[in-house]
Amino acid sequence: MSDADVELPEGIELAWGLRERPGKGPRRSLSLEQVVAAGIAVADSEGLAAVSMSRVAGEVGVATMSLYRYVPTKSDLLDLMVDTAYGGPPDPLGPDAGWRPALAHWATELLARIRRRPWVRHVPIGGPPMGPNQVRWLEQGLAALRDTDLRGTARLSTVMLLSGYARTWASLTLDMAEAAVGSGVTPDEAGERYWRQLERLTRDGPYPELRRLMAEEAQDEDEELDAEWRFGLDRILDGVAALVRARPGG
């Protein structure tokens, strides 16, 4: 099959620099990178809901219809913004680090990238990773598993599982933080209030395990930030380790 037989979405061709500028029509005064950067600036300062073709056009000083010469649809613009916002993957650990530390590093940095630009989590996922930065992330995640003897489907599923966990955890914690701010308290204060409310609601009911949990939580005051994230990450990697051990030579 030749490249001509492989159809690519127009937005992906733009992201990878595979679509040439039209030969006809007025000369473009902007670059695609400038358009995407303007969209990101609006999302960073005002949230994703503020991003529209007309708003971005205004930011870069062109008519709205002119913006369509750079990106065919708003959906394409959002996809380009997300890929740019993620940026390239982190520098990998040394070659002797082992697959588990390498994947933990990869997933933790992915979580940090989403948190850095909270609006990213609100952009719908329209398909598997195809943007240049997202493909580079995928490549690095797969590379971490190179020496595990896992089959390709298992390596891909592992990377996608970790990616989904990072996105879900970022969404959960960011949503809770925004809700706390909206109610006029800090996230820590909101958490403390929740436990007090739960204690009151379950004090006299058939909830012995919840009461036991709250007693343990009261004694564990020095729990580190994001300990729940690391707990979940470790359990996922424990499962991958069991899969690796089950393979020949594992």
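Here the structure is a predicted model, which means the values were calculated and not measured.
Under the 4.0 Å criterion applied to side-chain N and carboxylate O atoms, E189 and R193 are not assigned as salt-bridge partners. With salt bridges taken as basic N to acidic carboxylate O contacts below 4.0 Å, one links R115 and D226.
Scanning both residues, A107 and A166, for their nearest heavy atoms gives O-CB, 4.0 Å. Across all their heavy atoms, A144 and L103 have their closest contact at CB-CD2, 3.8 Å. Nearest heavy atoms, V60 versus A38: CG1-CB, 3.5 Å. The nearest pair of heavy atoms linking G88 to R113 is O-NH1, 2.7 Å. Across every non-hydrogen atom of A154 and L243, the tightest pair is CB-CD2, 4.2 Å. Closest non-hydrogen pair, A85 versus R117, comes out as CB-CD, 3.7 Å.
The shortest side-chain heavy-atom distance between L237 and W99 falls under the 4.5 Å cut-off. No side-chain heavy atom of Y165 sits under 4.5 Å from any side-chain heavy atom of R235. D234 has its side chain within reach of R100: a pair of non-hydrogen atoms, C-beta onward, lies under 4.5 Å apart. Looking at heavy atoms from C-beta onward, L78 lies in side-chain contact with L48 at the 4.5 angstrom threshold. L14 has its side chain out of reach of D76: every pair of non-hydrogen atoms, C-beta onward, lies at least 4.5 Å apart. Proximity of M214 to T202: side-chain heavy atoms (C-beta onward) are separated by under 4.5 Å at one or more points. Side-chain contact between M130 and L8: present, with at least one pair of heavy atoms (C-beta onward) separated by less than 4.5 Å. Annotation: side chain of R55 is in contact with side chain of E46 (closest heavy-atom distance under 4.5 Å).
Judged purely by distance below 3.5 Å, without hydrogens or angles, the side chains of W119 and D44 pair a donor atom with an acceptor atom. In the model, T108 has no side-chain atom that pairs as donor or acceptor with a side-chain atom of R230 under 3.5 Å. In summary, the side chains of S75 and T73 do not present any donor paired with an acceptor at a separation below 3.5 Å, with no hydrogens or angles considered.
The CE atom of M53 lies 11.5 Å from the OH atom of Y70; values are rounded to the nearest 0.5 Å. The CZ atom of R203 lies 14.0 Å from the CG atom of L210; values are rounded to the nearest 0.5 Å. Note that the CG atom of L233 and the CG atom of L162 stand 6.5 Å from one another [nearest 0.5 Å]. Rounded to the nearest 0.5 Å, atoms OG (S163) and CD (Q134) are 8.5 Å apart. Annotation: the span from R155 atom CZ to L138 atom CG amounts to 10.5 Å, rounded to 0.5 Å. Taken from CG in L111 to CH2 in W106, the straight-line distance is 11.5 Å, to the nearest 0.5 Å.
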Test side chain to side chain contact (heavy atoms under 4.5 Å, CB included) applied to Y86 and L110, step by step:
CA-CA 8 Å; Y86 274 124; L110 180 60; 3.6 Å; yes

I would like to know whether D83 and V36 meet side chain to side chain contact (heavy atoms under 4.5 Å, CB included); could you show each step before the answer?
CA-CA 10 Å; D83 194 68; V36 173; over 6 Å; no

Residue pair R121, D175: steps toward the side chain to side chain contact (heavy atoms under 4.5 Å, CB included) verdict:
CA-CA 10 Å; R121 73 191 193 279; D175 288 349; 2.7 Å; yes

Dump the intermediate steps for side chain to side chain contact (heavy atoms under 4.5 Å, CB included) on I125 and R167, then the final yes or no.
CA-CA 11 Å; I125 298 177; R167 185 180 176 96; 3.5 Å; yes

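M176 is not connected to L174 by any chain of hydrophobic side-chain contacts under 4.5 Å among Ile, Leu, Val, Met, Phe, Trp and Tyr, and they are in different clusters. Follow the hydrophobic side-chain contacts under 4.5 Å out from L67 and you reach M65 in the same cluster. Grouping the Ile, Leu, Val, Met, Phe, Trp and Tyr side chains by contacts below 4.5 angstrom, directly or via other members, places L93 apart from V159. Follow the hydrophobic side-chain contacts under 4.5 Å out from L201 and you never reach L213; the two are in separate clusters. Note: the hydrophobic cluster containing V185 does not contain V181 (ILVMFWY, side chain heavy atoms under 4.5 Å, direct or indirect links).
The side-chain contact (heavy atoms from CB on, under 4.5 Å) test with H105 is passed by exactly one of P89, P92, P90: P90. When each of V120, V42, I40 is tested with M81 by the rule side-chain contact (heavy atoms from CB on, under 4.5 Å), just one qualifies, namely I40.
Taking the ring centre of Y194 as origin, the terminal cationic atom of R196 falls outside the region bounded by 6.0 Å and 45° from the ring axis.
Around atom CZ of R146, no more than 12 heavy atoms belonging to other residues, nucleotides or ligands sit under 6.0 Å away.
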